[in-house]
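One structure below.
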Amino acid sequence: MKKILSTLFLATGLLLSAQVGIKTEAPQAKLDVNGDVNFRNKIAVFDANNSVYQGSNDQLLVSQGEGLPPAWKSLRIPEYEANKFYLIYNNSFSDKVGTTFANSDDSSITYGGRGAAFTKGKDYSTFTKFKKIDGLSQTISVFSTESKAYFLFETVVHASFAAVGSGTNPQDSSIDYACGIFVDNKLVNLRQRNIKANNASFPFITHTQIGIVENLSKGDHSVSVACTRLGSYDASGISLAIGTNASGATNINSFIAQSSLKVDVYEVPQTFNSVIN
């Protein structure tokens, strides 16, 4: 009889207090265990749909913070091999504004002096009469000290030449130009090309170049593309447009002529995001 009464009193006390303490006289939750806990069967929690959910195979029960129920989460464990490069960052950018050059924008660098003037690592501030394509000036992120960043730049170069043989336009009229890719305002790649007058008015060419830079420091870096008009040959009064259409032209528009820059950064991983998904 005493055992029955004791059991009844204990059950009544639990119902009244709504908190159970094991090895503690001051429980801080509905069930407060001061010691080790062994589970011999399933563990289930309520999910977002208020349904009892036991989780999937290999999931972890993770806290969502104070006042929120725990949730089952999966581990995301990347399979990386040591000393191998992986694509960690990639993005692409475009610009429809471009830039234009008149005769007066011809570079002061002589034809024979271009090799000495355009060297890797030179600062953008030393390149006079270069103009940046604003929409391609962006920030990229590097997470490892071992990296290779690849840059693919493409644009359309358009000139306001009249058709060869019309008016005073001689057959060998042409314009030299150059475009460079800069990281943190330092030159990492440059290409020179020439656009010539031909049998059609307002000729244009597609310009593509690829640059690479290795082992940038960890963190954010600025990337930009800038171009210049190097020299003109029997091209007085001819305008040059890069990444946009030349003034008065109707054969292409800014959509066709737009510039794009694709950036891929391959790294030997050293920094990892959270492995819980």
Side-chain angles (χ1 to χ4, degrees), residues 87-102 104-109 113-159 175-195 204-231 239-246 254-267:
L87 178 61
I88 302 298
Y89 175 96
N90 74 304
N91 210 338
S92 57
F93 316 101
S94 63
D95 177 277
K96 294 181 182 179
V97 178
T99 186
T100 57
F101 301 88
S104 57
D105 294 316
D106 277 2
S107 173
S108 57
I109 301 172
R114 294 175 187 174
F118 302 140
T119 56
K120 185 176 180 178
K122 290 195 69 172
D123 194 85
Y124 175 75
S125 62
T126 65
F127 295 103
T128 59
K129 297 192 175 182
F130 269 71
K131 298 181 182 180
K132 287 188 177 182
I133 300 175
D134 290 337
L136 303 186
S137 294
Q138 301 288 339
T139 299
I140 66 170
S141 299
V142 176
F143 303 95
S144 171
T145 54
E146 293 183 76
S147 66
K148 295 180 180 181
Y150 294 88
F151 307 96
L152 173 60
F153 166 59
E154 184 175 271
T155 191
V156 169
V157 181
H158 200 199
I175 299 172
D176 285 344
Y177 72 92
C179 290
I181 300 172
F182 296 81
V183 176
D184 298 328
N185 277 331
K186 304 295 183 183
L187 183 66
V188 298
N189 177 267
L190 185 135
R191 290 291 182 268
Q192 303 179 57
R193 288 194 66 184
N194 176 273
I195 182 170
F204 62 92
I205 58 175
T206 299
H207 174 98
T208 303
Q209 70 185 79
I210 298 174
I212 180 174
V213 60
E214 297 185 20
N215 299 332
L216 291 170
S217 60
K218 293 169 65 173
D220 292 340
H221 296 270
S222 64
V223 178
S224 56
V225 176
C227 301
T228 189
R229 180 169 174 160
L230 290 173
S239 64
L240 179 73
I242 298 178
T244 187
N245 53 315
S254 59
F255 170 74
I256 298 172
Q258 67 182 299
S259 303
S260 63
L261 177 66
K262 186 175 186 296
V263 182
D264 293 327
V265 181
Y266 291 83
E267 302 178 9

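Starting from 1, each residue takes its place in the sequence as its number. Predicted model, so just to flag it, every value in this text is computed and none were measured.
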message: For a quick check under 3.5 Å, do His221 and Asp184 share a side-chain donor-acceptor pair by atom type?
response: yes
- prompt: Do Tyr89 and Val142 touch side chain to side chain, with heavy atoms closer than 4.5 Å?
  reply: no
message: Let me confirm one number: the CG-CG distance from Asp264 to Asn91, rounded to the nearest 0.5 Å.
response: 9.5 Å
field: Gap separating the CG atom of Leu152 from the CD1 atom of Ile210, nearest 0.5 angstrom
entry: 5.5 Å
field: Minimal non-hydrogen separation, Ala241 against Thr100, with atom names
entry: CB-CG2, 4.0 Å
query: Measuring from Leu261:CG to Glu154:CD, what's the distance to the nearest 0.5 Å?
result: 11.0 Å
- prompt: Between the side chain of Lys131 and the main-chain N/O of Gly98, is any donor-acceptor distance below 3.5 Å?
  reply: no
query: Could you give the distance from CD1 (Ile133) to OG (Ser224), rounded to the nearest 0.5 Å?
result: 10.0 Å
message: Between Glu267 and Ser144 (side chain of the first, backbone of the second, donor and acceptor by atom type, cut-off under 3.5 Å), is there such a pair?
response: yes
statement: In short, Phe130 meets Tyr124 closest at the heavy-atom pair O-OH, 3.2 Å
task: Would you confirm whether Ser259, through its side chain, and Thr155, through its main-chain N or O, come within 3.5 Å as a donor-acceptor pair?
output: no
4.5 Å side-chain heavy-atom contact, Ile242 and Phe101: yes
task: Side-chain contact test, heavy atoms from C-beta onward, threshold under 4.5 Å: evaluate it for Phe153 versus His207 and give yes or no.
output: yes
message: Pair Phe151, Val213 - check side chain to side chain contact (heavy atoms under 4.5 Å, CB included), show working.
response: CA-CA 9 Å; Phe151 307 96; Val213 60; 3.6 Å; yes
field: CA sep, side-chain torsions, deciding dist, call: Ile181, Val188, side chain to side chain contact (heavy atoms under 4.5 Å, CB included)
entry: CA-CA 6 Å; Ile181 300 172; Val188 298; 3.9 Å; yes
query: Which pair of heavy atoms, one from Ser254 and one from Asn245, lies closest together, and at what distance?
result: N-OD1, 3.7 Å
- line: Heavy atoms of Leu230 and Arg114 approach each other most closely as CB-NH2, 3.6 Å
Any donor-acceptor pair under 3.5 Å from Lys129 side chain to Arg229 backbone: no
- prompt: Which is it for Ser147 and Asn215 under the side-chain hydrogen bond (donor to acceptor under 3.5 Å, both in side chains) test, yes or no, and what are the steps along the way?
  reply: CA-CA 5 Å; Ser147 66; Asn215 299 332; 4.7 Å; no
query: Asn189 and Gln209: side-chain donor and acceptor closer than 3.5 Å?
result: yes
- line: To the nearest 0.5 Å, atom CZ of Arg191 lies from atom SG of Cys227 at 13.0 Å
- line: Residues Thr228 and Thr128: closest non-hydrogen pair is OG1-O, 4.4 Å
query: Any donor and acceptor pair, going by atom type alone, linking the side chain of Thr126 with main-chain N or O of Asp123 inside 3.5 Å?
result: yes
query: Under 3.5 Å, side chain of Lys122 to main-chain N/O of Ala117, donor-acceptor pair present?
result: yes
message: Please give me the minimum heavy-atom distance between Gly180 and Leu187, naming the atom from each residue.
response: CA-CD1, 4.0 Å
message: Quick check for you: to the nearest 0.5 Å, what is the distance between Lys262 atom NZ and Ser94 atom OG?
response: 14.0 Å
query: Does Phe118 reach the side chain of Ile109, with side-chain heavy atoms less than 4.5 Å apart?
result: yes
field: Contact check, side chains of Asn185 and Lys132, non-hydrogen atoms, under 4.5 Å
entry: yes
query: Is there side-chain contact between Val263 and Phe93, with at least one heavy-atom pair below 4.5 Å?
result: yes
Beyond-backbone contact of Gln258 with Asp95, side-chain heavy atoms, under 4.5 angstrom: no
